[in-house]
Structure formats: structure tokens, C-alpha cells
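Fair warning: this is a prediction, and the values are worked out from it, not measured in the lab. No hydrogens, no waters, no symmetry mates; every other heavy atom, side chains included, goes into these values.
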Amino acid sequence: MIIRAFEYFFDFKCIADKCEDTCCAGWEIDIDDKSYESYMQVPGEFGERLKNSIKTYDVSEEDGYEEIYEQHGFILDDDLRCPFLDKCGLCELYSTLGEGALCEVCTNTPRNFLEYGKTREISISASCPESARLLYASPEKLVICEKTTDEEFPFEEDEEELAFAGYLKEARDAAIDILQSREYDIKNRIEVFLLFAEKVQDRINRMDLDPIVDDDTDRLNELKETAKKGCKDIEPEEDNDIYRNFLMRLSIYSGLASIGDAWKETVEAMYELFADEEGAGPEEQKNAYINAVSGVRQVMKSEKREYEYEHLAVYYAFLLLARCVDDRDFLSRAKLVKMSCEFGRDMDALIFARTGHFSKADREKNARIYAREVEHSEENLYDLHEEILFS
């Protein structure tokens with residue numbers, strides 16, 4: 001099987017107690033059935049403590065919970081921390097029973113997996129501080145690497161599925177190439193990336209009647225090169241359009257279920273500084289937002305950090321676009337990539353408005369807050385997808 005990931009993935013290692021955050025607090029921690037059965041066999045005092053720290057989810061059979069999700073999870077303390085996270089930020093299950101005792105979610109976090117086309121794609125969620133640091137560590141373009149392993153691909157794919165998987169991978173890589181075309185402004189690249197995604201979606205929509213053919217890759221390359229040339233022709237947005245689009249994003253993102261105080265505080269602060277509760281804003285708040293966006297742009301340009309927004313866009317393009325392998329909705333994922341970049345900029349503008357500066361550490365922190373809110377909540381991803389489809 002082929003493993004595909006960003007190059008920095010292979011340098012990632014959990015820094016455990018040295019981490020300023022933790023994966024072991026702030027959300028439910030589900031236990032897979034195999035780990036649950038193993039935990040029930042642990043003897044002695046620690047085994048009793050383990051058994052007493054596990055709950056069975058109270059969900060009726062009609063909900064189909066047992067068919068989709070795990071049936072058990074750890075009972076979190078009042079601060080929503082795992083009962084086996086010690087005061088030093090280390091896992092007592094790991095230290096007492098060994099690495100093999102970790103349940104699937106703890107073993108895999110903060111990794112995201114997608115399997116298609118005889119390939120497993122892996123990304124490390126930017127909700128992890130060390131992952132966020134690696135994401136923005138170098139100004140060089142993010143590189144996607146492939147490695148071959150002896151592991152068997154876990155399911156069968158027919159010829160049509162493999163053909164679509166190949167096309168999807170080529171389309172995603174072409175989209176990333178547009179985002180990494182540094183001869184053009186990153187904002188223009190993102191706009192053209194979305195136009196390119198519309199063309200790809202048109203092709204996907206025709207596939208039932210017009211199967212993939214060998215020269216589709218050539219067509220993609222031609223389309224990509226044409227799209228890249230269009231980057232220079234994007235007209236700058238007027239201030240009123242910039243602000244109106246911000247208010248629309250704020251309305252959408254403020255409606256998500258909040259995961260953690262940092263997200264709630266961020267949204268509340270945006271309303272306080274940049275908009276009123278009705279989703280409008282007097283001239284003073286509009287100017288505050290426009291000035292903050294401009295201030296961040298100037299900081300990024302003067303410090304040669306514009307690549308950070310490129311990395312943000314490429315990160316979400318790699319994470320999201322190929323996930324249309326089942327529903328074939330490439331365009332909606334591309335729109336979410338664009339929205340993620342723009343709301344990331346909104347979050348950065350908030351920091352600049354508050355402090356008058358904006359550091360790489362600020363960008364890493366905002367990446368963590370956003371990733372935790374969006375990547376770790378199927379409910380929020382669903383709601384964003386619905387907004388994109390119908391609004």
C-alpha cells in the first residue's frame with residue numbers, strides 16, 4: 001500500500017508533557033470495542049479504577065449509534081480532562097500498561113486518515129501545537145511525499161473506483177499547484193483555485209455519461225496552466241465587499257457548536273470589535289476590520305511571511321478535496337478551503353486589532369483553534385457543508 005503525506009509528517013513526534021496543549025481534554029474520548037474488551041481484563045487496583053472510569057453511551061438502537069460510533073468512552077472530570085491524564089500531562093494508561101494499551105482514538109490523534117485508490121493519505125491536524133509549528137516552520141513549499149509499505153490495502157476497489165481515484169488525486173494536486181504559484185498574490189491564487197474547482201466539478205458531473213479517459217490528465221494540466229495565468233487578472237475587492245463577505249462568514253461560523261472556550265471567545269470578540277449582534281456594523285466597526293486586515297497584510301509582507309497563508313490553503317486542500325471520493329462533491333470542499341483561509345485571516349485580523357502586531361506564534365495558535373473547531377466535529381463539518389450547498 002502507498003502512504004501519502006506532507007514531508008513534515010515523517011518528522012512529527014508527540015512532545016507529550018512539553019506540549020502547551022493536550023489532546024486528552026476538551027472533548028469526548030471514545031473507546032473502540034477491542035480496547036474496551038482489553039480494559040475489562042486489566043486486573044488489580046488499576047483495573048478497577050479503569051473500569052470505573054468508563055461509561056456506556058445512553059443511545060437508543062433507533063439512533064444507529066452502535067453501527068457508526070463507539071459504544072463506550074472515558075468519564076471526563078469537571079475540566080473535561082481524561083481521568084488518566086496526570087498532572088504532568090502524561091498518560092497513565094501508557095505509563096502503566098504500555099503503548100499498546102492506548103485505544104484507537106488516542107493512538108491515531110492528531111492524525112487524519114483517508115483511504116482511496118490503494119493509498120492511505122495521512123495528515124496531522126493543526127489542532128496539535130507541534131503539528132502547527134511544523135506546518136509553518138519553513139517558507140519552502142509544502143511537499144507531498146509517497147512511501148510504499150508491505151501493508152495490504154484494507155478493501156477492494158473496482159476499475160471505475162480506481163479510475164476516479166486517480167483523476168481525483170491528479171485534480172487535487174493540480175489545485176495545490178495553483179495555490180503554490182508564487183509569482184501571483186495568494187489571494188488571487190485562492191480565487192483562481194476556486195474557479196478551477198468549478199471546472200473540475202463540471203467534469204466530475206459528466207462522468208456517468210463520459211467515463212474517464214487517458215487524456216484527462218492532459219486536459220487537467222491544460223486547465224491548470226490556463227487557470228494560473230488568470231491569477232494576474234483578479235480585480236481587488238472593494239472595502240464594502242470585503243466587509244460584507246466577512247459578516248457572512250461570521251454569521252456562519254458563529255452558528256457552529258463551540259468546541260472549547262477559545263473558539264467562543266474568538267467569535268464573541270469579533271462581534272465586539274467588528275460587528276453588532278444583528279450581523280451588521282456601523283462605519284467605525286467596518287473601518288476597524290478593514291484596517292486590521294490591512295495591518296496583518298502589511299506585517300506578513302514586511303516579514304516575508306505571506307507563505308503562511310499559502311501553507312494554510314494547501315493544508316486544507318490536501319485534507320479536504322479528496323474526501324469527495326464517495327459523494328463526488330469536489331466544489332463544496334474547495335469552497336470550504338477558501339472559507340477556512342478567509343476566516344483564518346479574520347482571526348488574525350482580530351489579534352492585530354487587539355495588539356497592533358501579529359506573530360508566527362499567533363498564526364499557529366489560530367490554526368489550532370480553527371482546526372479543533374472544524375476538523376474534530378462531524379456536526380460542524382456537516383453544518384458548514386449545508387451552508388455551502390444551500391446558501
Looking only at non-hydrogen atoms, find the nearest pair between [X] and [Y] and report the distance.
| X | Y | answer |
| --- | --- | --- |
| Lys224 | Ala174 | CD-O, 3.6 Å |
| Pro211 | Arg203 | O-NH2, 3.3 Å |
| Ala322 | Tyr116 | CB-OH, 3.5 Å |
| Ser332 | Leu389 | OG-CD2, 3.4 Å |

Do [X] and [Y] share a hydrophobic cluster (ILVMFWY, side-chain heavy atoms under 4.5 Å, transitive)?
| X | Y | answer |
| --- | --- | --- |
| Leu320 | Ile186 | yes |
| Phe113 | Phe10 | yes |
| Phe330 | Leu114 | yes |

Pairing of [X] and [Y] as salt bridge, 4.0 angstrom limit:
| X | Y | answer |
| --- | --- | --- |
| Lys169 | Asp173 | yes |
| Glu237 | Lys187 | yes |
| Glu104 | Lys34 | no |
| Lys338 | Glu342 | yes |
| Lys141 | Glu310 | no |
| Asp261 | Lys264 | no |
| Arg172 | Asp177 | no |
| Glu28 | Lys55 | yes |
| Asp216 | Arg219 | yes |

* Residue of the set Glu364, Arg363, Arg305 for which side chain to side chain donor-acceptor pair (under 3.5 Å) holds with Tyr136 -> Arg363

* With Asn380, the side chain to side chain donor-acceptor pair (under 3.5 Å) member among Glu373, Glu375, His385 ->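 Going through the options one by one, the only one that passes is Glu373.
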
* Asked: Does the pair Arg206 and Asp202 meet the rule for a salt bridge (charged side-chain N to carboxylate O under 4.0 Å, His left out), with working shown?
  -> CA-CA 7 Å; Arg206 295 196 310 271; Asp202 287 342; 5.8 Å; no

* To do: Please write out which residues are connected to Leu331 in a hydrophobic cluster, directly or through intermediates, given that two of Ile, Leu, Val, Met, Phe, Trp, Tyr count as joined at side-chain heavy-atom separations below 4.5 angstrom.
  =>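 Members alongside Leu331: Leu194.
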
* **Within 45° cone and under 6.0 Å: Lys232 NZ/CZ vs Tyr184 ring** =>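 Checked: cation-pi criterion not met.
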
* **Ring-face cation contact, Phe164 with Arg328, 6.0 Å cut, 45° max** => yes

Around [X], counting heavy atoms of other residues, nucleotides and ligands shown, do more than 12 lie under 6.0 Å from its [atom1]?
| X | atom1 | value |
| --- | --- | --- |
| Lys199 | NZ | no |
| Met248 | CE | no |
| Glu303 | CD | yes |

In terms of ring plane angle, is the pair [X] and [Y] parallel, tilted or perpendicular, where the classes change at 30° and 60°?
| X | Y | value |
| --- | --- | --- |
| Phe274 | Phe246 | perpendicular |
| Tyr8 | Phe6 | parallel |
| Phe343 | Tyr253 | parallel |

Would you be so kind as to tabulate the donor-acceptor pairs closer than 3.5 Å made by side chains of residues 90-103, with sequence neighbours excluded?
{"from": "Glu92", "atom 1": "OE1", "to": "Arg49", "atom 2": "NH1", "distance (Å)": "3.1"}
{"from": "Glu92", "atom 1": "OE2", "to": "Arg49", "atom 2": "NH2", "distance (Å)": "2.9"}
{"from": "Ser95", "atom 1": "OG", "to": "Cys91", "atom 2": "O", "distance (Å)": "3.3"}
{"from": "Ser95", "atom 1": "OG", "to": "Glu92", "atom 2": "O", "distance (Å)": "3.2"}
{"from": "Thr96", "atom 1": "OG1", "to": "Glu92", "atom 2": "O", "distance (Å)": "2.8"}

